[in-house]
Amino acid sequence: MHFVICEDNREEGLWLQEKIKEWAIRNALTVETVLYENAEQFWFSYEENQRMDALILDIQMPGEDGMTMARKLRGRKDTVPILFVTGIDDYMAQGYDVQAVHYLLKPVSANRLEACLDRIARRSGCAEEPCVVVRTENGLVRILQKDIITLEVFQRQCVYTTTETSYTVCESWKEAGKKLQPEWFVPSYRGILVNLFHVKSITRDHVHLTDGRDVPVSRRQYGELNQAFICFYREGEV
């Protein structure tokens, strides 16, 4: 995969390059990264970068800013996935206009960056959607993690509730939780993990889910869950 970074802060750009390389090693992927410090450098080499799989753009740069660059690319019918990084969130609405796939606030979290890289890799066909394989009374079942709404434990059995059905599995709560994407699944109550993809709203007492259910929220978990929900939609897919 070929990643292009345009970031005027060289130290932050080098950090992004290093994190991309670490992510690639963990996922057995071959990557190339190119770092530019301004729009002029990027446009000078643009023809060489036609094969880029993703563009990581700092929005606030001297001269031509990242949002202007993105609009120019879309004007050229370039559909490269764009990941914005910025110090303020005022540009989020504009991200829709240029079909940005992700939006990260500085200081960028390494975990959030890796989650974005995972999504970009899956969209490009370089990585599969994360899934779990569980053993039910009817045999082994492969479940896409994005389709799991909740994971709950009842009497030493784990129940995966998905968009289609539910699966009861004899496995420990700890082992079941280890299989799931930590940036997606967050505890709401003792013995309940909710998938942020399927959370519609949160109150101090309940989480309202996309399948119409309300699951409880403990006083202890409310703050962490609410913050995770805000970050997921602020820093996840635009």
Side-chain angles (χ1 to χ4, degrees), residues 1-89 91-92 94-130 146 181-184 231-232 234-238:
M1 298 184 68
H2 186 62
F3 289 89
V4 174
I5 303 165
C6 197
E7 165 62 72
D8 67 304
N9 185 314
R10 182 166 180 79
E11 184 177 338
E12 292 181 3
L14 292 173
W15 182 87
L16 288 168
Q17 280 188 306
E18 184 62 27
K19 293 303 173 184
I20 290 171
K21 290 175 183 176
E22 291 175 3
W23 165 82
I25 290 170
R26 282 193 292 274
N27 289 276
L29 294 172
T30 301
V31 299
E32 292 178 83
T33 62
V34 178
L35 174 61
Y36 300 113
E37 296 183 25
N38 53 55
E40 184 178 2
Q41 291 178 1
F42 172 83
W43 290 119
F44 183 80
S45 302
Y46 175 68
E47 296 303 324
E48 300 173 13
N49 293 323
Q50 289 292 304
R51 63 186 183 87
M52 58 185 166
D53 294 294
L55 172 61
I56 301 176
L57 267 181
D58 182 13
I59 294 181
Q60 296 172 288
M61 294 189 293
E64 187 174 307
D65 62 43
M67 192 62 68
T68 301
M69 291 174 63
R71 291 195 181 99
K72 283 187 178 180
L73 286 166
R74 297 305 185 233
R76 295 175 179 230
K77 309 300 182 185
D78 192 323
T79 60
V80 61
I82 296 174
L83 168 58
F84 282 127
V85 292
T86 182
I88 59 176
D89 59 7
Y91 296 96
M92 190 174 293
Q94 298 180 52
Y96 287 98
D97 297 336
V98 293
Q99 298 88 48
V101 293
H102 301 295
Y103 189 104
L104 292 176
L105 287 177
K106 295 180 179 180
V108 175
S109 157
N111 288 338
R112 291 287 176 184
L113 173 63
E114 289 194 9
C116 292
L117 297 175
D118 287 342
R119 293 171 193 156
I120 290 170
R122 290 194 296 271
R123 290 185 181 195
S124 69
C126 293
E128 293 185 357
E129 287 276 2
K146 202 167 186 178
Q181 299 287 104
E183 68 273 11
W184 296 359
C231 290
F232 185 77
R234 182 176 65 187
E235 299 183 356
E237 296 187 32
V238 173

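Below, all heavy atoms of this structure are taken into account, side chains as well, without hydrogens, waters or symmetry copies. Positions are given from 1 along the sequence.
- Between A39 and M69 the shortest heavy-atom distance is CB-SD, 3.4 Å.
- With respect to Y103, the side chain to side chain contact (heavy atoms under 4.5 Å, CB included) criterion is satisfied by exactly one of I82, T86, L83: T86.
- Side-chain contact between L104 and C116 is present, with heavy atoms from C-beta onward closer than 4.5 Å.
- Contact of the L55 side chain with the F42 side chain is registered, since non-hydrogen atoms from C-beta on lie closer than 4.5 Å.
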Between V85 and E12, does a side-chain contact (heavy atoms from CB on, under 4.5 Å) hold up when you go through it step by step?
-> CA-CA 10 Å; V85 292; E12 292 181 3; over 6 Å; no
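- Listed here is the closest heavy atom pair of P62 and D8: CD-OD2, 3.5 Å.
- Taking the side-chain contact (heavy atoms from CB on, under 4.5 Å) definition, one finds that I25 meets it with nothing, sequence neighbours left out.
- The line from CD of E40 to CD of E64 is 10.0 Å long, rounded to the nearest 0.5 Å.
- Looking at every heavy atom in both residues, F84 comes nearest to A70 through CZ-CB, 3.7 Å.
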side-chain contact (heavy atoms from CB on, under 4.5 Å) evaluation trace for R74 with V80 = CA-CA 9 Å; R74 297 305 185 233; V80 61; 4.1 Å; yes
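- Every residue two or more places apart in sequence or in another chain that forms a salt bridge (charged side-chain N to carboxylate O under 4.0 Å, His left out) with K19 is listed here: E22.
- Taking E7 as the reference, K106 meet the salt bridge (charged side-chain N to carboxylate O under 4.0 Å, His left out) condition, with sequence neighbours excluded.
- Taking every heavy atom of both residues into account, P130 and W184 meet most closely at CG-CH2, 3.5 Å.
- With D65 contributing its side chain and Q60 its backbone, the two residues share no donor-acceptor pair below 3.5 Å.
- From L117, atom CG reaches atom CG of D53 across 11.5 Å, with rounding to the nearest 0.5 Å.
- Atom CH2 of W23 is separated from atom CG of L29 by 5.0 Å, given to the nearest 0.5 angstrom.
- Applying the side-chain contact (heavy atoms from CB on, under 4.5 Å) criterion to A54, with sequence neighbours excluded, gives F3, I120.
- Taking CH2 of W43 as the start and CG of L73 as the end, the distance is 4.0 Å to the nearest 0.5 Å.
- Although no hydrogens or angles enter the test, the distance criterion places no donor-acceptor pair under 3.5 Å between the side chain of D58 and the main chain of M61.
- Considering CG of N38 and SG of C6, their distance stands at 6.5 Å, rounded to 0.5 Å.
- Scored by the salt bridge (charged side-chain N to carboxylate O under 4.0 Å, His left out) test, R76 finds no partners at all (sequence neighbours excluded).
- Contacts of Q17 classified as side-chain contact (heavy atoms from CB on, under 4.5 Å), with partners at least two apart in sequence or in another chain: I5, L14, T33, L35.
- Separating the CD1 atom in I56 from the CD1 atom in I20 is a distance of 3.5 Å, to the nearest 0.5 Å.
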